[in-house]
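Written out below as C-alpha cells is the structure these notes cover.
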Amino acid sequence: MKRSKNHRKASNLVDRDRLYSPAEALKLAKETTNVKFDATVEVALRLGVDPRKADQMVRGTVNLPNGTGKTARVLVFATGERAEQARAAGADIVGDDDLVEKVQNGFLDFDSVVATPDLMGKVGRLGRVLGPRGLMPNPKTGTVTPDVAKAVTDIKGGKIEFRVDRHGNLHFIIGKASFDESKLMENYQAAIDEVNRLKPSAAKGRYIKKAVVSTTMGPSIPLDA
C-alpha cells in the first residue's frame, strides 16, 4: 500500500500533456524514484518500423561512456585457449557441450551470452530459450566472435545491446538513478545517436514516434526525442 502511495505521489510530479527535453526528463526521473534501492534508468521508444520485414529490423549495440552501473553476468560458449581467455577477461560462466545442455534445461542466471563461431552449430539449438530473451549470440552485435576476451571486456565495461520487438518497441538502460544527470545525459545521447544511425532506409514517416524515460517502478516521463 505504501509503495502504491509513493508511486501515485511520484506520478503527480509528471505532466502527461507535455514532452520533456532529455535533460528535464532525466532530472525528473531521478526526482520520482520511489524505491529504496538504486533504481535503473531506462528509455523506451516506439519506432515507426515494421520489424516483420527484414529490411526494417533495428538491432545494435553501443558502449555507454559511463557504464550501466551494473556488472553484467556474462556466459561464454568456448573451448580450450579461448575458454581460458574468456575466464581471464572476467566471464562468469564458461563451457561448451555441458553448458549448452544446462541452458537447454532452464539455467538462465546470466545477462549476456558470447560464443565462438565454431560452437554456434550447438548454441543454435538454444534459439527457443535465448531468442525470446534477446540473449542469442549474433555476429552483428559482436557476441559471436573468436575474440571472446574483448567481447567480455566490452560487456562488463558498459556495452548494451538493443533490439526492436515485434510491436516496434525498443528498450535500453542508460544507468542508475544515483548517476549524475550529466552522466545519464551522456549515456542517453550515445544510445539515441546509435538508434538514429541504424534507421532503416525502408522505414517511412516518423522514425521515433514516442519516447519515455523511467526508473524501476517509477512513472513514465514523456520524452521529446
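Scope of the values below: all heavy atoms of this structure, side chains included, with no hydrogens, waters or symmetry mates.
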Any Lys/Arg nitrogen of [X] or [Y] sitting under 4.0 Å from an Asp/Glu carboxylate oxygen of the other?
X	Y	answer
E84	R87	yes
R82	D118	yes
D50	R52	yes

Would you please name every residue forming a side-chain contact (heavy atoms from CB on, under 4.5 Å) with [X], sequence neighbours left out?
X	value
Q189	M185, I192, D193
T71	K156
T153	A89
A91	V76, A86, V94, V152

Would a hydrophobic clustering, with Ile, Leu, Val, Met, Phe, Trp and Tyr connected at side-chain separations under 4.5 Å, put [X] with [Y]?
X	Y	value
V148	L126	no
L119	V129	yes
V74	M136	no
L26	L19	no
I155	V123	no

In Å, rounded to the nearest 0.5 Å, how long is the span from [atom1] of [X] to [atom2] of [Y]?
X	Y	atom1	atom2	answer
L75	T143	CG	OG1	12.0 Å
D92	S112	CG	OG	9.5 Å
T61	I160	OG1	CD1	8.5 Å
I174	L184	CD1	CG	5.0 Å
L99	F77	CG	CZ	4.5 Å
D96	T79	CG	OG1	6.0 Å

For residues 41-49, which side-chain N or O atoms pair as donor and acceptor with protein atoms under 3.5 Å away, sequence neighbours left out?
unit_1, atom_1, unit_2, atom_2, d
R46, NE, N169, OD1, 2.6
R46, NH2, N169, OD1, 3.4

Does the side chain of [Y] come within less than 4.5 Å of [X]'s, by heavy atoms?
X	Y	answer
V213	Y20	no
F162	I173	no
M57	V164	yes

Quiz prompt | All ring-ring contact (aromatic ring centres under 6.0 Å, His included) counterparts of F37, not counting sequence neighbours | solution = none
How far apart are the closest heavy atoms of [X] and [Y], and which atoms are they?
X	Y	result
A151	G142	CB-O, 3.8 Å
P137	V113	CG-CG1, 3.5 Å
A177	T33	CB-OG1, 3.7 Å
V144	P117	CG1-CA, 4.0 Å
V212	P222	CG1-CA, 4.1 Å
E186	P65	O-CG, 3.8 Å

Self-check item: CA sep, side-chain torsions, deciding dist, call: S178, D38, side-chain contact (heavy atoms from CB on, under 4.5 Å)
Solution: CA-CA 6 Å; S178 61; D38 192 6; 2.6 Å; yes
Quiz prompt | Contacts of type side chain to side chain donor-acceptor pair (under 3.5 Å), residue N63, not counting sequence neighbours | solution = none
What residue pairs, at least two apart or across chains, pass side chain to side chain donor-acceptor pair (under 3.5 Å) with a residue in [range]?
range	answer
residues 195-212	E194-R197
residues 159-168	R59-E161
residues 98-111	K70-D111
residues 122-139	D97-K122

Quiz prompt | Side-chain (T32) to main-chain (A29) donor-acceptor, under 3.5 angstrom | solution = yes
Quiz item: Does the pair I93 and F107 meet the rule for a side-chain contact (heavy atoms from CB on, under 4.5 Å), with working shown?
Solution: CA-CA 11 Å; I93 311 146; F107 175 71; 3.9 Å; yes
Self-check item: Neighbour count above 12 (heavy atom, 6.0 Å) for K30 NZ
Solution: yes
Quiz item: Please walk me through it: do V62 and F172 pass side-chain contact (heavy atoms from CB on, under 4.5 Å)?
Solution: CA-CA 10 Å; V62 63; F172 52 84; over 6 Å; no
Exercise. If a pair satisfies salt bridge (charged side-chain N to carboxylate O under 4.0 Å, His left out) and one of its residues is in residues 168-181, list it, with sequence neighbours excluded.
Key: none
